[in-house]
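On a predicted model such as this, the values are computed, not experimentally measured, just so you know. Starting from 1, each residue takes its place in the sequence as its number.
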Amino acid sequence: MESVVLHGLSIGYKDKKVGEEINASLCSGEFTCLLGSNGVGKSTLLKTISGFIKPLAGNVIIDNTNINDYSSAKLAQKISVVLTGKPGVENISVGELVGMGRYPFTGFWGILNKDDERIIDESLDMVGVLKLKSRMVQTLSDGERQKTMIAKALAQHTQMIFLDEPTAFLDFPSKIEMMKLLQNLSHQFGKTILLSTHDVEQALQLADKLWLMNDDKMCIGTPRELSSDGTLGNYIERDSIEFDKKNMIVKIKS
Ligand SMILES: Nc1ncnc2c1ncn2[C@@H]1O[C@H](COP(=O)(O)OP(=O)(O)OP(=O)(O)O)[C@@H](O)[C@H]1O
């Protein structure tokens with residue numbers, strides 16, 4: 001079932017158009033990876049479909065309703081977002097930061113009940129940082145902070161999760177575990193998950209769909225489809241890099 005639809009979407013900033021005529025959709029239960037070169041517009045797209053910046057033209061439809069028609073509180077019950085950069089808060093513990101993921105459900109005073117506390121612990125445990133619950137956020141390493149921000153998004157218990165390079169700072173096994181966890185959440189609980197990444201090989205193995213963003217168009221398909229039609233080869237191959245499209249493997253030429 002389509003839960004997000006982009007219709008003739010143009011994205012960018014007041015003095016800079018980054019992409020136009022983007023038509024795409026995301027389905028519940030599907031794990032989609034967004035690929036593309038540095039500066040092509042992945043973060044801009046994620047911010048636009050999360051409601052942080054307005055489209056320059058076209059529409060973002062979330063569960064059959066235009067994103068502009070949601071209040072920020074209602075949108076926070078639908079979509080959780082993990083962006084790059086620091087959390088913007090200090091002097092609170094990891095547990096308190098993840099608890100902020102419960103705010104869309106806690107009412108004005110943000111008072112957490114037993115269920116909220118259980119959800120916070122479960123979310124920390126899922127990403128492997130329960131042991132850090134009482135640490136202050138400013139003392140975390142980059143990778144620990146990234147896992148904490150993902151735990152906050154998981155604690156929000158939304159149907160859709162959008163993440164901008166969520167594995168950028170993670171060590172190799174953690175990258176794969178995190179991608180597997182997100183894939184699992186979409187397959188097992190029908191969540192709609194879109195994440196941007198530069199980890200092409202993991203995306204090829206784990207994504208149900210790829211969105212490959214180019215300067216002039218967005219190419220969409222399964223990893224197998226975008227391998228066979230040469231799209232991934234065009235994106236990956238350089239003088240020293242070869243893409244084996246049959247086995248979907250990136251090789252470095254000697
Ligand atoms: N606030 C802004 N105002 C104007 N231009 C911006 C702004 N933020 C980003 N850009 C520009 O928009 C383009 C797309 O940036 P964006 O961050 O979306 O790319 P990206 O694909 O996420 O890149 P990367 O892989 O390097 O993270 C870039 O040329 C960038 O310099």
Heavy atoms, side chains only, cut-off 4.5 Å: are [X] and [Y] in contact?
X: Ile220; Y: Leu226; result: no
X: Asp125; Y: Glu122; result: no
X: Ile252; Y: Ile241; result: no
X: Leu232; Y: Lys245; result: no
X: Ile53; Y: Tyr13; result: yes
X: Ile79; Y: Ile62; result: yes
X: Thr32; Y: Asp208; result: no

Could you tell me whether [X] and [Y] have a side-chain N and a carboxylate O separated by less than 4.0 Å?
X: Glu144; Y: Arg135; answer: yes
X: Glu242; Y: Lys253; answer: no
X: Asp121; Y: Lys133; answer: yes
X: Asp199; Y: Lys175; answer: yes

Spell out, as yes or no, whether a donor-acceptor pair under 3.5 Å connects the side chain of [X] to the backbone of [Y].
X: Asn113; Y: Asp115; value: yes
X: Gln156; Y: Gly101; value: no
X: Ser93; Y: Glu96; value: yes
X: Lys147; Y: Met178; value: no
X: Glu90; Y: Val137; value: no
X: Thr167; Y: Leu170; value: no
X: Arg102; Y: Ile119; value: no
X: Thr158; Y: Ser80; value: yes
X: Asn66; Y: Ile61; value: no
X: Ser196; Y: Glu165; value: yes

Are a donor atom and an acceptor atom from the side chains of [X] and [Y] found within less than 3.5 Å of each other?
X: Ser3; Y: Asp63; answer: no
X: Ser174; Y: Asp171; answer: yes
X: Thr48; Y: Lys54; answer: no
X: Glu2; Y: Ser25; answer: yes

Would Phe105 and Gln77 count as a side-chain contact (heavy atoms from CB on, under 4.5 Å) if you check the C-alpha gap in whole Å, the side-chain angles of each, and the deciding distance to 0.1 Å? CA-CA 8 Å; Phe105 307 97; Gln77 293 180 358; 4.0 Å; yes
Taking all heavy atoms of [X] and all of [Y], pick out the closest pair and write down the distance.
X: Leu194; Y: Ile49; answer: CD2-CD1, 3.5 Å
X: Ala151; Y: Val127; answer: CB-CG2, 3.8 Å
X: Leu181; Y: Leu154; answer: CD2-CD1, 4.1 Å
X: Trp211; Y: Leu26; answer: CZ2-CD2, 3.3 Å
X: Ile67; Y: Ser50; answer: CD1-C, 3.9 Å
X: Thr197; Y: Cys33; answer: CG2-CB, 4.4 Å

Find out if a path of hydrophobic residues (ILVMFWY) with successive side-chain heavy-atom gaps under 4.5 Å connects Val89 to Val129. yes
In sequence, state the C-alpha distance, the side-chain angles, and the governing distance for Leu45 and Ile22, and then conclude on side-chain contact (heavy atoms from CB on, under 4.5 Å). CA-CA 10 Å; Leu45 179 64; Ile22 300 170; 4.2 Å; yes
